[in-house]
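Computed over heavy atoms, backbone and side chain alike; hydrogens, waters and symmetry mates excluded. Index from 1, following the sequence.
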Amino acid sequence: MDYDFEITNPPWTKVAATALAIFGALVVIAGIILGIFGDSIGMPFAAQIIIIALGAFFFIIGAVTLFAAIKERFMLSHGVFYYNKPFRKNQSASAEKVAEVRIRRVTLAMIDVVFCDADGNKLINFYDDGTALKSGEFEKALAALNIPVYRV
């Protein structure tokens with residue numbers, strides 16, 4: 001049987017990040033326009049710089065979040081687990097090498113998911129907000145592959 005799955009960030013994450021980046025870009029543009037006409041309306045130069053910096057901050061946060069939301073994914077494909085990290089090296093492990101999966105609550109909202117081999121070495125490790133477990137595909141695939149899950 002085929003238990004392949006792919007779990008990505010929900011669409012609203014990409015929409016929110018795009019909206020934040022657009023908002024930031026518009027604030028930067030408004031700050032530049034105020035910089036051009038600032039003297040005629042009596043706006044201090046420091047206020048113009050603050051507006052541009054604030055817009056740039058929101059743009060950067062939105063753009064980085066959008067990049068992460070697009071790049072991050074967790075999947076099982078043809079017997080290999082993959083976790084594509086947004087800012088680090090991607091991780092993969094053959095299902096045959098995975099002896100167990102450990103799930104540990106880190107904070108109220110975050111869990112640590114660790115794939116271990118027979119010697120207890122980490123093969124894949126990632127933090128998750130529960131998205132990986134929400135649909136049940138991951139746990140069904142582990143059960144079908146006879147990989148035990150330990151909640152520690």
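- One hydrophobic cluster holds both Ile52 and Ile29 under the rule that ILVMFWY side chains link at heavy-atom gaps under 4.5 Å.
- Atoms CG and CG, from Leu76 and Leu145 in turn, are 6.0 Å apart once rounded to the nearest 0.5 Å.
- Cluster membership for Val80 and Phe5, using ILVMFWY side-chain heavy atoms within less than 4.5 angstrom, is not shared.
- The pair Lys97-Asp117 fails the salt-bridge criterion, with no side-chain N (NZ, NE, NH1 or NH2) lying under 4.0 Å from an Asp/Glu carboxylate O.
- Judged purely by atom type and a 3.5 angstrom limit, Thr65 uses its side chain to pair as donor or acceptor with the backbone of Ile61.
- The CZ atom of Phe126 sits 10.0 Å away from the CE atom of Met110 when rounded to the nearest 0.5 Å.
- Linking ILVMFWY side-chain heavy atoms closer than 4.5 Å, directly or via other members, places Tyr83 and Ile147 in a single hydrophobic cluster.
- For the atom pair NZ of Lys85 and CD1 of Ile124, the computed distance is 9.5 Å after rounding to the nearest 0.5 Å.
- Taking the side chain as every heavy atom from C-beta outward, Ile103 and Val152 never approach each other to under 4.5 Å.
- Contact record, Ala21 with Ala63: CB-N, 4.0 Å, taken as the closest heavy-atom pair.
- In this structure the side chain of Val106 reaches within 4.5 angstrom of the side chain of Tyr127, judged on heavy atoms.
- A distance of 6.0 Å separates CD1 of Ile22 from OG1 of Thr18, quoted to the nearest 0.5 Å.
- Across every non-hydrogen atom of Ala99 and Pro148, the tightest pair is O-CD, 3.1 Å.
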Please report the C-alpha distance between Phe87 and Phe67 in whole Å, then the side-chain angles of each, then the deciding distance to 0.1 Å, and finally whether the side chain to side chain contact (heavy atoms under 4.5 Å, CB included) criterion is met. CA-CA 9 Å; Phe87 303 107; Phe67 172 78; 3.6 Å; yes

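- When side chains are defined from C-beta on, Leu123 counts as touching Val98, because their heavy atoms get closer than 4.5 Å.
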Between Val149 and Glu100, is a side chain to side chain contact (heavy atoms under 4.5 Å, CB included) present by the stated rule, with each step listed? CA-CA 6 Å; Val149 178; Glu100 66 184 29; over 6 Å; no

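- Ring-centre distance between Phe23 and Phe59: not below the 6.0 Å cut-off.
- Hydrophobic clustering keeps Met75 apart from Ile111 (ILVMFWY residues linked when any side-chain heavy atoms are closer than 4.5 Å, directly or through intermediates).
- Rounded to the nearest 0.5 Å, atoms CZ (Phe57) and CG (Leu20) are 8.5 Å apart.
- Donor-acceptor pairing under 3.5 Å is lacking for the side chains of Asn84 and Glu72.
- Contact record, Leu66 with Ala17: N-CB, 3.5 Å, taken as the closest heavy-atom pair.
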Go through the steps for Asn125 and Val113 under the test side chain to side chain contact (heavy atoms under 4.5 Å, CB included), then give the verdict. CA-CA 6 Å; Asn125 182 25; Val113 180; 5.9 Å; no

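- Note that CZ of Arg102 is 8.5 Å distant from NZ of Lys122, once rounded to the nearest 0.5 Å.
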Might you work through the side chain to side chain contact (heavy atoms under 4.5 Å, CB included) test for Asp4 and His78, ending with a clear yes or no? CA-CA 7 Å; Asp4 289 359; His78 304 293; 4.2 Å; yes

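- Dense packing is recorded around CD of Glu6, with more than 12 heavy atoms of other residues, nucleotides or ligands lying under 6.0 Å away.
- Taking every heavy atom of both residues into account, Tyr82 and Ser92 meet most closely at CD2-CB, 3.5 Å.
- In plain terms, the two heavy atoms of Cys116 and Val114 that are nearest each other are SG-CG1, 3.6 Å.
- Both Leu142 and Leu133 are members of a single hydrophobic cluster when ILVMFWY side chains are connected at heavy-atom separations under 4.5 Å.
- Within the 4.5 Å cutoff, side-chain heavy atoms of Ile7 are placed close to those of Glu137.
- More than 12 non-hydrogen atoms from other residues, nucleotides or ligands lie less than 6.0 angstrom from NZ of Lys71.
- Side chain of Asp119 to backbone of Asn121: no donor-acceptor contact under 3.5 angstrom is found.
- For Phe74 and Phe138, the ring centers sit closer than 6.0 Å to each other.
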